[in-house]
Structure formats: C-alpha cells, structure tokens
Amino acid sequence: MAQQIPLNALSNYLNQLTSAEGSFTQINADGTISTGTIYLRRPGKVRFEYNPPEQALVMANNGAVVVFDRKLRGEPETYPLNRTPLGLILARNVDLSRANMVVAHGYDGTATTVTAQDPENPEYGSIQLVFTGNPVELRQWIITDDAGGQTTVILGALERKQLSNRLFNIEQERNANR
C-alpha cells in the first residue's frame, strides 16, 4: 500500500540524485507551455534547454542563475541562486527536516508533496516538490516566486548519467550568445 514518503527518505533521494538528464514540460505563470531538456548536476548546477520555438536557456552554476534569451541577443539576466527556491534542491546537502524549511508535507493517494522555503528568507518564495514512490522519484515542482507568480515544471523520467562540465559553463554560453 502506497503512503506518504518521509522527509528523510526524500532528502536522501535528492542527495543521491547527483547527475541526471530528462525531458520537462513547463507551465509558465501566464499559462504558456514550454518543453525541453533538463540537465542536473548537484550540487548547484542545472541547465534548462528549451525546445523551439522558445529561444531561452536557463543555467545555474557558481551560485548564480543565468537566463539567456537568444531572441534578444543581449546580456543575460542573472540572479543569485540562493535567492531562488531552486537553490533548496541544488544544495550540497538537502535536509528537508531542517527547522522551518518545510511548510507543508502531504499525500494525495498517489504522490507525496513537500512545500519548502528558505527558513531564513521565506520572502524569496517557495518550491512545492511532487514525488512518487517505489522507487522514490521527483516528478514535478511548482516554484512560487517572490511576487506570487507560479511556474510548474513536470519532469519526464530522469536518467542518471555523467554530464560534461561544458553543459554548465556559463561563460562559454555567454560568449556563444554575443
């Protein structure tokens, strides 16, 4: 019988998810839908490559999130990773049992849902993680930003594999997009 997955099991899963690739579908705050490939390498690295007609690329590395808009060909937007809820799951050591980090933990009969925020800076927004069990797998997340906007990312199967450092090289992308 399926049941809610404990926080320590979810933390262990995230900590063991060190390098993976998979497809994603993103539902943006304005209702538009994007698809692409996600490359994840913990700690601290992620790359969202969007499929056409989108011309965006989002990368996180070295404590920064960089958003490239290839249509505009200008300087990318840069944000501190620790000011985004995504930083919570890209941390070197994910500990969902940390005081005041998890603000909700539930089970709907199919999936376990955990809503987490930075306990020191809840104003940065939150991330709601959705996991299925047997084996534990991250299926989606919903980021609520500091302005209340929501972005949902639905993950395909994540294939654990070694990923090249160049996938996460922000300077190389910056030079290629000039």
Side-chain angles (χ1 to χ4, degrees), residues 4-5 7 10-11 13-14 17 20-61 63-72 76-91 94-133 136-158 170:
Q4 178 171 302
I5 304 164
L7 292 178
L10 297 176
S11 297
Y13 165 81
L14 289 170
L17 185 65
E21 174 184 333
S23 62
F24 72 90
T25 300
Q26 179 174 310
I27 304 164
N28 303 302
D30 63 4
T32 59
I33 295 177
S34 311
T35 61
T37 303
I38 181 173
Y39 302 90
L40 178 76
R41 193 154 100 207
R42 297 187 53 260
K45 298 178 179 139
V46 70
R47 176 185 180 107
F48 294 90
E49 279 185 8
Y50 290 84
N51 294 329
E54 295 292 321
Q55 294 183 38
L57 171 67
V58 177
M59 297 172 71
N61 195 354
V65 176
V66 181
V67 180
F68 294 91
D69 185 338
R70 294 181 172 125
K71 282 191 301 245
L72 300 178
E77 293 179 57
T78 303
Y79 308 93
L81 178 60
N82 64 3
R83 291 195 64 137
T84 72
L86 199 55
L88 297 172
I89 61 170
L90 293 176
V94 177
D95 180 5
L96 294 173
S97 65
R98 206 168 106 211
N100 302 321
M101 179 184 261
V102 171
V103 294
H105 182 202
Y107 179 70
D108 67 6
T110 307
T112 296
T113 304
V114 174
T115 304
Q117 64 186 20
D118 180 338
E120 282 85 53
N121 300 286
E123 70 276 11
Y124 293 168
S126 65
I127 185 165
Q128 182 183 68
L129 303 164
V130 179
F131 298 89
T132 53
V136 174
E137 287 194 73
L138 178 60
R139 293 301 188 172
Q140 82 174 40
W141 64 70
I142 302 168
I143 290 182
T144 303
D145 64 26
D146 54 5
Q150 288 193 323
T151 304
T152 301
V153 173
I154 301 162
L155 299 170
L158 289 174
I170 291 171

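Values reported hereafter were calculated over all heavy atoms of this structure, with side chains retained and with hydrogens, waters and symmetry mates removed.
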Calculate, to the nearest 0.5 Å, the distance between atoms [atom1] and [atom2] belonging to [X] and [Y] respectively.
| X | Y | atom1 | atom2 | answer |
| --- | --- | --- | --- | --- |
| L88 | L96 | CG | CG | 8.5 Å |
| T25 | L155 | OG1 | CG | 9.0 Å |
| T35 | N51 | OG1 | CG | 4.0 Å |
| N121 | R83 | CG | CZ | 7.5 Å |
| L40 | L86 | CG | CG | 8.5 Å |

For this session: Enumerate the residue pairs fulfilling salt bridge (charged side-chain N to carboxylate O under 4.0 Å, His left out) with a member in residues 99-111, sequence neighbours excluded, ordered by first and then second residue.
Result: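 Listed by first then second residue: nothing to list.
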For this session: Scan for salt bridge (charged side-chain N to carboxylate O under 4.0 Å, His left out) pairs involving residues 31-48, sequence neighbours excluded, and state none if there are none.
Result: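 Residue pairs with at least one partner in residues 31-48: R47-E49, R47-E173.
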State which residues pass salt bridge (charged side-chain N to carboxylate O under 4.0 Å, His left out) with [X]; sequence neighbours excluded, sorted by chain then number.
| X | answer |
| --- | --- |
| R139 | E137 |
| E120 | R98 |
| E21 | K161 |

Side chains of [X] and [Y] in contact at under 4.5 Å (non-hydrogen atoms):
| X | Y | value |
| --- | --- | --- |
| Y79 | V67 | yes |
| L7 | V114 | yes |
| S34 | N28 | yes |

For this session: List for me each residue that meets side-chain hydrogen bond (donor to acceptor under 3.5 Å, both in side chains) alongside N82, sequence neighbours excluded, and say none if there are none.
Result: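 Listed in chain order: nothing, the list is empty.
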Problem set entry | side-chain hydrogen bond (donor to acceptor under 3.5 Å, both in side chains) involving D30 - partner list, sequence neighbours excluded |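 Partners of D30 under the side-chain hydrogen bond (donor to acceptor under 3.5 Å, both in side chains) test: T32.
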Problem set entry | Donor-acceptor pair, side chain of Y107 and main chain of I5, under 3.5 angstrom |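 Judged by distance alone, no pair lies under 3.5 Å.
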Problem set entry | Verdict with supporting geometry, T113 and W141, side-chain contact (heavy atoms from CB on, under 4.5 Å) | CA-CA 9 Å; T113 304; W141 64 70; over 6 Å; no
Exercise. Among V94, L129, V136, V102, whose side chain to side chain contact (heavy atoms under 4.5 Å, CB included) with L10 holds?
Worked result: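 For L10, the side chain to side chain contact (heavy atoms under 4.5 Å, CB included) test succeeds with only one of V94, L129, V136, V102, which is V136.
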Residues which pass side chain to side chain contact (heavy atoms under 4.5 Å, CB included) with [X], listed by chain and number, not counting sequence neighbours:
| X | value |
| --- | --- |
| S23 | none |
| V103 | T115, Q117 |
| S97 | D95 |

Check: residues 142-152 side-chain donor-acceptor pairs under 3.5 Å, at least two apart:
unit_1 : atom_1 : unit_2 : atom_2 : d
T144   : OG1    : Q150   : NE2    : 3.1
D145   : OD1    : A147   : N      : 2.9
D145   : OD1    : G148   : N      : 3.0
D145   : OD1    : G149   : N      : 2.8

For this session: Output all residues satisfying ring pair (Phe, Tyr, Trp, His ring centres under 6.0 Å) with F24, sequence neighbours left out; order by chain, then residue number.
Result: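 Counting only residues at least two positions away or on another chain, F24 forms a ring pair (Phe, Tyr, Trp, His ring centres under 6.0 Å) with F48, Y50.
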Exercise. Are V46 and M59 close enough, and set up right, to give a side-chain contact (heavy atoms from CB on, under 4.5 Å), and what steps lead you there?
Worked result: CA-CA 6 Å; V46 70; M59 297 172 71; over 6 Å; no
Exercise. When you look at I154 and I27, which way does the side-chain contact (heavy atoms from CB on, under 4.5 Å) test go after all the steps?
Worked result: CA-CA 8 Å; I154 301 162; I27 304 164; 4.0 Å; yes
